[in-house]
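Just so we're clear, the structure is a prediction, and the values are computed from it rather than from any experiment.
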Amino acid sequence: MAGLKLSERLKQRSFTSPSQESMLNVMVTSSWFLTELGAVMAEYGITPAQYNVLRILRGSHPKTLTCSDVRERLIDRTPDVTRLLNRLQRQHLVHRARAEHDRRVVEVTITKKGLDLLERMDPAVEQTSNRLAEGLTQDEHQTLSDMLDRLRNAN
């Protein structure tokens with residue numbers, strides 16, 4: 001993908017509008033980021049979605065979160081959080097338990113093994129993120145982030 005304009009990447013000479021081009025560019029770039037980061041995460045035996053769950057739980061640690069809390073914070077709002085948590089629990093990276101105050105509620109926390117995994121992953125994920133982001137200045141990254149926030153919040 002490096003070095004190609006969107007039109008070259010998609011082998012499409014023109015777009016119906018600048019907004020169509022920008023939306024396609026966001027989707028292609030997102031896919032590129034996920035592919036690159038996914039390759040790094042695969043070396044540690046987890047997917048980007050699982051990494052996202054662990055990152056969320058680390059951010060709330062030692063406080064537990066409900067499955068609904070986790071779902072609300074996910075980058076990719078998958079409806080199947082239970083399946084993600086099942087896989088992470090089988091790897092002993094998270095712990096789930098029924099809430100004392102309401103047995104219908106399941107609370108989730110990251111385990112020591114999960115925290116240790118993220119700590120080992122942090123340098124590789126950060127290095128890859130920095131490599132992927134080096135094409136823009138910090139000011140350009142802030143502008144892009146502000147613009148994407150505006151776009152998302154306009155609807």
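Residues passing the side chain to side chain donor-acceptor pair (under 3.5 Å) test with E36 are R131, sequence neighbours excluded. In this view, T143 satisfies the side chain to side chain donor-acceptor pair (under 3.5 Å) rule with no residue, not counting sequence neighbours. Q12 is linked by a side chain to side chain donor-acceptor pair (under 3.5 Å) to nothing, counting only residues two or more places apart in sequence or in another chain. By the side chain to side chain contact (heavy atoms under 4.5 Å, CB included) test, T16 is found to be paired with Q20, residues two or more places apart in sequence or in another chain being considered. With sequence neighbours excluded, no residue satisfies side chain to side chain contact (heavy atoms under 4.5 Å, CB included) with S14. In this structure T47 satisfies the side chain to side chain contact (heavy atoms under 4.5 Å, CB included) test together with A49, Q50, sequence neighbours excluded. The side chain to side chain donor-acceptor pair (under 3.5 Å) check on D102 picks up R104, with sequence neighbours excluded. In this view, K112 and D116 satisfy the salt bridge (Lys or Arg N to Asp or Glu O under 4.0 Å) rule, not counting sequence neighbours.
Taking all atoms of both residues into account, the shortest heavy-atom contact from S60 to R73 is CB-NH1, 4.2 Å. Taking both residues in full, the closest heavy atoms of L151 and M23 are given as CD2-CE, 3.3 Å, listed atom of the first, atom of the second, then distance. Nearest approach of V94 to L85, heavy atoms of both residues: CG2-O, 3.9 Å. Closest approach of S19 to S17, counting heavy atoms only: OG-OG, 2.9 Å. Scanning all heavy atoms of the two residues, the minimum distance from M41 to P48 falls at SD-CA, 3.5 Å.
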So V106 and T66, side-chain contact (heavy atoms from CB on, under 4.5 Å) or not? Walk me through it. CA-CA 6 Å; V106 175; T66 66; over 6 Å; no
Is there a side-chain contact (heavy atoms from CB on, under 4.5 Å) between L57 and L88? Walk through the geometry before answering. CA-CA 12 Å; L57 293 172; L88 291 168; 5.8 Å; no
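Here L24 contributes atom CG and F15 contributes atom CZ; the two are 6.0 Å apart, rounded to the nearest 0.5 Å. Atom OG1 in T111 sits 10.0 Å away from atom CD in Q91 (nearest 0.5 Å). The distance from atom CZ of F33 to atom OG1 of T128, rounded to the nearest 0.5 Å, is 11.5 Å. To the nearest 0.5 Å, atoms OG1 (T29) and CG (L34) are separated by 11.0 Å.
Contact annotation: the side chain of N52 never approaches that of D76 to less than 4.5 Å [non-hydrogen atoms, C-beta and beyond]. Counting heavy atoms from C-beta outward, L132 and W32 have side chains that approach closer than 4.5 Å. Taking the side chain as every heavy atom from C-beta outward, I110 and H95 never approach each other to under 4.5 Å. Side-chain contact check for L37 versus S129: some heavy-atom pair is nearer than 4.5 Å. Side-chain atoms of S31 and T35, non-hydrogen and from C-beta on, do get closer than 4.5 Å to each other. At a threshold of 4.5 Å between non-hydrogen side-chain atoms, the residues L93 and L54 count as touching. Contact of the V108 side chain with the T64 side chain is not registered, since no non-hydrogen atoms from C-beta on lie closer than 4.5 Å. Here the side chains of E107 and L65 are not in contact, with every heavy-atom distance at 4.5 Å or above.
Summarising the hydrophobic clusters (Ile, Leu, Val, Met, Phe, Trp, Tyr; side-chain heavy atoms under 4.5 Å, direct or chained), the residues clustered with L148 are V26, L136, L144.
Screening residues 83-98 for salt bridge (charged side-chain N to carboxylate O under 4.0 Å, His left out) gives D80-R83 as the qualifying pairs, with residues at least two apart or on separate chains. For residues 136-154, the pairs satisfying salt bridge (charged side-chain N to carboxylate O under 4.0 Å, His left out) are D149-R152, with sequence neighbours left out.
With hydrogens and angles ignored, the 3.5 Å screen pairs no side-chain donor or acceptor of K63 with any backbone N or O of T109.
Side-chain heavy atoms closer than 4.5 Å link hydrophobic residues (I, L, V, M, F, W, Y) into clusters, and following such links, even through other members, never connects L84 to V105.
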Side-chain donor-acceptor pairs under 3.5 Å in residues 118-125, sequence neighbours left out?
unit_1: D122; atom_1: OD1; unit_2: R58; atom_2: NH1; d: 3.4
unit_1: D122; atom_1: OD1; unit_2: R58; atom_2: NH2; d: 3.3
unit_1: D122; atom_1: OD2; unit_2: R58; atom_2: NH1; d: 2.9

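For the residue pair S22 / N25, no side-chain donor-acceptor distance below 3.5 Å is found, with atom types taken as modelled.
Remark: M147 CE is loosely packed, at most 12 non-hydrogen atoms of other residues, nucleotides or ligands lying under 6.0 Å away.
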